[in-house]
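All remarks here apply to the structure that follows.
Order of the sequence lines fixes the chain letters, A, B, ..., with proteins taken first and strands second; residue numbering starts at 1 for each chain.
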2 protein chains.
Amino acid sequence: MQQEHGFNRIERAPAYRLVYDAIEREILAGRLRVGDPLPAEMQLAEQFGVNRSTVREGIRLLEQSGLVERDGGKRPRISLPHYLDLASSASRALILHSVTFRELWEASMVLEPAIAEDAARHANAAGLAELSANLAAMEASVVRFESGAEADVIEFVRLDRVFHEILATIAGNRVLALAHEPVISLFIPAGQLILPRLRTYRRVLEAHRHIFDCLNAKDHAKARLWMHKHMDDFRRAYEMTALSLDDPLDAVSLGVSLGGSAARDREKG
Amino acid sequence: MQQEHGFNRIERAPAYRLVYDAIEREILAGRLRVGDPLPAEMQLAEQFGVNRSTVREGIRLLEQSGLVERDGGKRPRISLPHYLDLASSASRALILHSVTFRELWEASMVLEPAIAEDAARHANAAGLAELSANLAAMEASVVRFESGAEADVIEFVRLDRVFHEILATIAGNRVLALAHEPVISLFIPAGQLILPRLRTYRRVLEAHRHIFDCLNAKDHAKARLWMHKHMDDFRRAYEMTALSLDDPLDAVSLGVSLGGSAARDREKG
DNA sequence: TATTTCAGATTGTCCGACAAACGGACAGTT
DNA sequence: AACTGTCCGTTTGTCGGACAATCTGAAATA
């Protein structure tokens, strides 16, 4: 099998992909502006010289990539890919790739303290108010636990997640926030496993309180430290259960959350 | 228009989306295994009781979300979303959201040193060999620059990127690697702007060399330090050009890379 | 002015059809 | 035995046309 010349792979992209590429290019170049409705399928079909079905398939690609958004029955509009959507694809990909909890935890040891530090630098009244409300809700939740009511772990864990997301917002770095999202959203299923066994609800709340205080005091070094400690607690808790740090996450999480369309249900505008 | 009862918004997801959800669920649950070819469109259409066109539209969604991969003409196969794909969507999203270079740089000040440190911990012969080859290629490139040849900045910047990607691979944390990808891929266009003006090619190469040496010596503290310095260099260079840290990236990068299908052209298997 | 009504436009879905490409079997050549 | 050419059933890519449901916007009405 001689191969003396080495031709380039001949590529024949299907028409629906060319449609996708063309429309994507128009959007990225700003010639189709965000918020505008997409041209009618028939019109696009004529312009591209292809059948309407082909255009539709191209639009599906745009739709899944987040560049086109349908508001329910209505005419689809051009939109920015919301990075929460990306984050949820990322979470799914990480699970499918059998990422271990250790990797997840190590990443969060990098990201969360940095976010806490930035948040302390940029804290403002609005953000602190949000955090405060979150802390109050979590306090109420913990009190309910301690009074013996059946534990609504789901709600507690949700509040936990929201706390960290508010922090990421306050920090004001969208690149870090984007990196942070998949991490926090994979922590959640783990938290749902750990907390009911160890019942360390109040410990989590106290950590959040300390971090909140640091933000209030604009003490970014201390904020970083407390967050570091908070994350390390999580690892210890994980180890205390029978779970191994180096097992892939799928078994843990797949059953818990990660429904196909779950990502789309969140969102508020 | 009275509304005294408050019904839940009735949601009728289009059929093609249901097809997408159903197949996605089968894949996530492992009933459709990665590598297998997708069932024939006709067969799916019969099973779901919808038309073949509808199935096709659903498959387009799967395709764009990376769960289905076509190898050119051939029968599409089920695949894991490769996170390089996700990273390129993330980059695009960040640009569309007008992220500033400051955000990017701050994120890289968090991620890159952490990666360098982990890489020094986990360095192995294979990884070091790859880095070594990369350094040699970059040395050759720099020599060409210094001998007055017209500067192939594109190639130099590509080598720069590859160096950092190898490092992320060596570090062995896929969560960090995923977070890292969009950052490095947005640095590239910036690098293409800065380097020709400042001509700091050799300085970049020296930084890489130092980091490589630290990996060889398994000195993770020093690896982190050198990377920190390397990143800080980049910011200084950015400031030295007329570019402001707080301008959004789009103007800088949109013209340079970020072609629609660029992400698909990379990849090697 | 506020509401209702109505016609046109647009999307979602279906049906049927055909060319091109693929996969594999089979035979022929060296 | 290895390579080439041919045939055929399967599957994808693309096309054309069709229709119901819904949305849009304007005209008609109260």
Worksheet entry | Below 4.0 Å: OP1/OP2 of D/dC15 and any side-chain N or O of A/T54 | yes

Worksheet entry | Donor + acceptor pair across side chains of A/Y20, A/E57 (<3.5 Å) | no

Worksheet entry | Sugar-phosphate only, base, or nothing, as touched by B/S53 at under 4.0 Å among non-hydrogen atoms | base

Worksheet item: Roughly how many Å is it from CE in B/M42 to C1' in C/dA17, rounded to a whole number?
Response: 11 Å

Discussion item. For B/F187 and B/F101, I'd like to know if the aromatic rings sit close, meaning centre-to-centre distance below 6.0 Å.
Written reply: yes

Worksheet item: Separation of A/I59 atom CD1 from C/dT10 atom P, in whole Å?
Response: 12 Å

Practice prompt. May I have the distance from A/R12 (atom CZ) to C/dA20 (atom C1'), rounded to whole angstrom?
Written response: 8 Å

Practice prompt. Let me know the distance between CG of B/D71 and C1' of D/dT11, rounded to the nearest Å.
Written response: 16 Å

Practice prompt. For B/Y16 and C/dC14, give me the distance from atom OH to atom P, rounded to whole Å.
Written response: 13 Å

Item to complete: Test for a donor-acceptor pair under 3.5 Å between the base of D/dG13 and the side chain of B/R52, counting only N and O atoms.
Response: yes

Discussion item. Between B/R56 and D/dT12, is there a contact of a side-chain N or O with OP1 or OP2 at under 4.0 Å?
Written reply: no

Item to complete: Begin from the C-alpha positions of B/S53 and A/S53 and carry the test side chain to side chain donor-acceptor pair (under 3.5 Å) through to its verdict.
Response: CA-CA 8 Å; B/S53 310; A/S53 311; 5.6 Å; no

Worksheet item: Considering only C/dG12, D/dT11, C/dT13, which nucleotide approaches the side chain of B/A15 most closely?
Response: C/dT13

Worksheet item: Tell me: CD of A/E46 to C1' of D/dG17, nearest whole Å?
Response: 15 Å

Item to complete: Compare every heavy atom of B/A171 with every heavy atom of B/D118, then report the nearest pair and how far apart it is.
Response: CB-CB, 3.6 Å

Worksheet item: B/L38 CG to D/dT12 P: how many Å, rounded?
Response: 8 Å

Practice prompt. State whether B/R75 places a side-chain N or O below 4.0 Å from either non-bridging phosphate oxygen (OP1 or OP2) of C/dA21.
Written response: no

Worksheet item: Taking only side-chain nitrogens and oxygens of A/N51, does any of them come within less than 4.0 Å of OP1 or OP2 of D/dT14?
Response: no

Practice prompt. Report the nucleotide, chosen from C/dT11, D/dT12, D/dG13, that has the shortest atom-to-atom distance to any side-chain atom of A/P14.
Written response: D/dG13

Worksheet item: With the threshold set at 4.0 Å, does a side-chain nitrogen-carboxylate oxygen contact exist between A/E63 and B/R17?
Response: yes

Worksheet entry | Rounded interatomic separation in angstrom, taking CD from A/E41 and P from C/dT13 | 11 Å

Worksheet item: D/dG13 phosphate, OP1 or OP2: any side-chain N/O from B/R60 under 4.0 angstrom?
Response: yes

